[in-house]
Peer 1: 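Pasting in a structure now, in structure tokens, and then I'll have a few things to ask.
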Amino acid sequence: MRMPSDDADAMEWLLFEQSGMLSWAQATAELTPAKVRHLLATGRWGRVCRGILRAAPPGEPYRREQQWWAAVLAAGPGAVLAGLAAATAGGLQGKWRYETVDVLVPHQRRQADLLRRLPLGLPAVRVRRARHLLAEDRQRGRPDRTAVARALVDAAQWVRTDDEAQQLLAAGCQQRRVTPAELAAVLDRMPRAGRRRLIRETINDIAGGAEALSEIDLVRLCRRYGLPAPQAQQQRRDTDGRLRYLDAYWPQWRLHVEVDGGHHMDVRHWAADLRRQNRIWIEGDRILRFTAFDIRHRPDEVAAQLRAALTSAGWPG
């Protein structure tokens with residue numbers, strides 16, 4: 001929405017700050033009930049559900065921010081956006097799939113049943129109660145939400161699979177939205193968190209330098225097969241003086257492992273990868289390349305080749 005002018009009234013600013021969404025109580029605090037009913041009757045405003053209005057015609061699609069506001073307003077006083085929706089509102093990028101918008105409400109509040117209230121066109125809302133939500137776990141926003149670290153830990157508990165949980169945590173750190181230390185601090189405050197052990201292990205692996213799920217899987221593979229752990233995301237300058245980031249590197253044995261995801265199959269990425277690989281070979285390093293699929297589904301073969309390369313380079317085993 002366009003920012004109101006300096007002489008705009010309180011209603012214009014409210015609609016701007018809340019993406020055109022407001023409760024009946026908010027509307028009638030600034031306008032008479034008759035005026036609000038007139039706006040609804042003439043189609044200038046629409047009714048989202050009982051007690052929630054939108055300053056737009058009823059048939060207009062909901063923007064993402066309006067979906068968030070509908071969930072928070074419908075959940076009632078004290079509600080804050082949580083989980084993946086809160087992380088996205090906090091700047092997390094990516095095509096994350098979520099079927100519901102998570103909202104936290106104070107523990108003493110009765111959990112609202114919004115599935116029957118919200119109309120088609122809005123995602124389902126899951127209202128969860130939080131016994132403790134400290135100031136450091138809250139973030140002012142539009143709407144108010146949990147801080148990114150808390151949002152990611154919550155999302156890691158609530159997503160369907162362990163892989164999704166690890167991907168979210170890794171993406172948050174890779175995109176510099178949060179640090180492993182901040183995630184660990186949140187987890188320390190949540191002794192009953194779901195997937196607690198998995199989340200803790202993932203945070204530790206990310207703190208060691210792994211910033212993608214494939215890199216985390218490689219570190220764990222080495223641990224499982226008794227191989228020395230690599231340095232992940234190692235910085236290094238090539239022969240042209242450019243700073244490069246190595247997926248996994250064993251400096252003592254000058255072994256470099258590259259984990260290829262789907263983007264490496266693109267012709268432009270493939271050509272750039274080959275040029276970088278040639279520079280590494282010229283400098284005297286060994287280089288192995290594996291697909292993320294191989295690391296996950298053919299670990300015996302990957303481990304055997306890693307062991308052979310390390311042994312050939314002088315690792316005593």
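Treat the numbers as computed from the prediction; the structure is a model and nothing was measured. These values consider heavy atoms only, across backbone and side chains, with no hydrogens, waters or symmetry-generated copies.
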Peer 1: Quick check: do V101 and L81 have side-chain heavy atoms less than 4.5 Å from each other?
Peer 2: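 A side-chain contact exists here, since the closest heavy-atom pair is under 4.5 Å.
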
Peer 1: Considering only heavy atoms from C-beta outward, does the side chain of Q167 approach that of T202 to under 4.5 Å?
Peer 2: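 No, too far: nothing below the 4.5 Å cut-off.
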
Peer 1: Please report the C-alpha distance between T179 and C173 in whole Å, then the side-chain angles of each, then the deciding distance to 0.1 Å, and finally whether the side chain to side chain contact (heavy atoms under 4.5 Å, CB included) criterion is met.
Peer 2: CA-CA 6 Å; T179 66; C173 294; 5.9 Å; no

Peer 1: Quick check for you: to the nearest 0.5 Å, what is the distance between R37 atom CZ and T28 atom OG1?
Peer 2: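 Reported to 0.5 Å precision, the distance equals 9.0 Å.
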
Peer 1: If the condition is salt bridge (charged side-chain N to carboxylate O under 4.0 Å, His left out), which residues does R220 pass it with, not counting sequence neighbours?
Peer 2: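 By the salt bridge (charged side-chain N to carboxylate O under 4.0 Å, His left out) rule, R220 matches D205.
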
Peer 1: Starting at CD of E215, measure out to CD1 of I206 and round the result to the nearest 0.5 Å.
Peer 2: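 Going from the CD atom of E215 to the CD1 atom of I206 covers 10.0 Å.
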
Peer 1: Are M190 and I199 joined in one hydrophobic group, where the rule is that I, L, V, M, F, W and Y side chains link up if heavy atoms are under 4.5 Å apart?
Peer 2: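 M190 and I199: one cluster.
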
Peer 1: Determine the minimum heavy-atom distance between A71 and V103, stating which atoms define it.
Peer 2: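 Heavy atoms of A71 and V103 come nearest at CB-CG2, 3.8 Å.
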
Peer 1: Quick one: pull up CG in L134 and CD in E136 and give me the separation to the nearest 0.5 Å.
Peer 2: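 One gets 4.5 Å once the value is rounded to the nearest 0.5 Å.
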
Peer 1: Where do P106 and P77 come nearest, in terms of heavy atoms and distance?
Peer 2: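 Answer, listing the atom of P106 first, then P77: CD-O, 4.2 Å.
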
Peer 1: Quick one about T88 and R64 (side-chain donor to acceptor, distance below 3.5 Å, no hydrogens or angles considered), yes or no?
Peer 2: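 T88 and R64 do not have a side-chain donor-acceptor pair below 3.5 Å.
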
Peer 1: Could you check if a side-chain atom of L306 sits within less than 4.5 angstrom of a side-chain atom of C222, using non-hydrogen atoms only?
Peer 2: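 In short, these two side chains touch, coming nearer than 4.5 Å.
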
Peer 1: In sequence, state the C-alpha distance, the side-chain angles, and the governing distance for T146 and D137, and then conclude on side chain to side chain contact (heavy atoms under 4.5 Å, CB included).
Peer 2: CA-CA 6 Å; T146 55; D137 288 335; 5.7 Å; no

Peer 1: Is there a side-chain contact between L73 and V48 in this structure, where contact means two heavy atoms from C-beta onward sitting under 4.5 Å apart?
Peer 2: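 Sidechains of V48 and L73: no contact.
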
Peer 1: Could you report the tightest heavy-atom contact between M11 and Q26, atom names first, then the distance?
Peer 2: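 For M11 versus Q26, the nearest heavy atoms are CE-O, 4.3 Å.
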
Peer 1: Between the main-chain N or O of G90 and the side-chain N or O of Q139, is there a donor-acceptor pair closer than 3.5 Å?
Peer 2: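 Not a single qualifying donor-acceptor pair exists.
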
Peer 1: Using salt bridge (charged side-chain N to carboxylate O under 4.0 Å, His left out) as the criterion, list what pairs up with R224, not counting sequence neighbours.
Peer 2: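 Here no residue qualifies.
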
Peer 1: Carefully, step by step, assess L227 and W250 under the rule side chain to side chain contact (heavy atoms under 4.5 Å, CB included).
Peer 2: CA-CA 11 Å; L227 300 171; W250 289 260; 5.9 Å; no

Peer 1: Do R128 and D102 come within less than 4.5 Å of each other through their side chains, counting heavy atoms only?
Peer 2: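 Yes, side chains in contact.
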
Peer 1: For R189, does the CZ atom sit with more than 12 other heavy atoms under 6.0 Å from it, leaving out its own atoms?
Peer 2: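 Yes, CZ of R189 has more than 12 neighbouring heavy atoms, counting only those of other groups under 6.0 Å.
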
Peer 1: Compare every heavy atom of R196 with every heavy atom of L187, then report the nearest pair and how far apart it is.
Peer 2: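 Looking at all heavy atoms of both residues, the closest pair is O-NH1, 2.8 Å.
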
Peer 1: Do L288 and W253 belong together in a cluster built from hydrophobic side chains that touch within less than 4.5 Å?
Peer 2: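 L288 clusters together with W253.
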
Peer 1: Without hydrogens or angle criteria, can the side chains of S5 and D7 be said to hold a donor-acceptor pair below 3.5 Å?
Peer 2: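 There is such a pair (donor and acceptor under 3.5 Å, judged by atom type) between the side chains of S5 and D7.
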
Peer 1: Extract all donor-acceptor atom pairs below 3.5 Å that involve side chains of residues 148-159 and protein atoms in other chains or at least two apart in sequence.
Peer 2:
{"unit_1": "R150", "atom_1": "NE", "unit_2": "D154", "atom_2": "OD1", "d": "3.2"}
{"unit_1": "R150", "atom_1": "NE", "unit_2": "D154", "atom_2": "OD2", "d": "2.8"}
{"unit_1": "D154", "atom_1": "OD1", "unit_2": "Q157", "atom_2": "NE2", "d": "3.1"}
{"unit_1": "Q157", "atom_1": "OE1", "unit_2": "G194", "atom_2": "N", "d": "2.7"}

Peer 1: Looking at Y62, is R54 sitting on its ring face, NZ or CZ under 6.0 Å from the six-membered ring centre and within 45 degrees of the normal?
Peer 2: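 Yes - R54 lies over the ring of Y62, closer than 6.0 Å to its centre and within 45° of its axis.
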
Peer 1: Can you hop from V105 to L133 via hydrophobic side chains spaced under 4.5 Å?
Peer 2: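 V105 does not cluster with L133.
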
Peer 1: Drop me the distance from W24's CH2 to I52's CD1, to the nearest 0.5 angstrom.
Peer 2: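 Going from the CH2 atom of W24 to the CD1 atom of I52 covers 12.0 Å.
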
Peer 1: Indicate, with yes or no, if V127 and W69 share a hydrophobic cluster defined by side-chain heavy-atom contacts under 4.5 Å among Ile, Leu, Val, Met, Phe, Trp and Tyr.
Peer 2: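 Same cluster: W69 reaches V127 through Ile, Leu, Val, Met, Phe, Trp or Tyr contacts under 4.5 Å.
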
Peer 1: Give the C-alpha distance, both sets of side-chain angles, the deciding distance and a yes or no for side chain to side chain contact (heavy atoms under 4.5 Å, CB included) between V178 and L92.
Peer 2: CA-CA 10 Å; V178 71; L92 183 71; over 6 Å; no

Peer 1: Over all heavy atoms of both residues, which pair between L31 and W45 is shortest? Give the atoms and the distance, please.
Peer 2: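 In this case the closest contact between L31 and W45 is CD1-CH2, 4.0 Å.
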
Peer 1: Look up atom CG in D217 and atom CD1 in I295, then write down how far apart they are to the nearest 0.5 Å.
Peer 2: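 So the gap between those two atoms works out to 7.0 Å.
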
Peer 1: Less than 4.5 Å apart, side chain to side chain, heavy atoms only: is that true for D163 and R296?
Peer 2: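 Yes - at least one pair of side-chain heavy atoms lies under 4.5 Å apart.
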
Peer 1: Report the distance from atom CD of Q305 to atom CZ of F290, rounding to the nearest 0.5 Å.
Peer 2: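 Separation between the atoms: 5.0 Å.
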
Peer 1: Within the structure provided, determine whether R286 and S312 are in side-chain contact (heavy-atom separation under 4.5 Å).
Peer 2: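 Yes, side chains in contact.
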
Peer 1: Which atom names give the shortest non-hydrogen contact between S19 and Q66, and what distance separates them?
Peer 2: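 Closest heavy-atom pair between S19 and Q66: O-NE2, 3.0 Å.
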
Peer 1: Would you say L104 ends up clustered with L183 if hydrophobic residues are merged whenever their side chains have heavy atoms under 4.5 Å apart, either directly or through other cluster members?
Peer 2: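 Per the 4.5 Å side-chain linkage, L183 and L104 are not co-clustered.
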
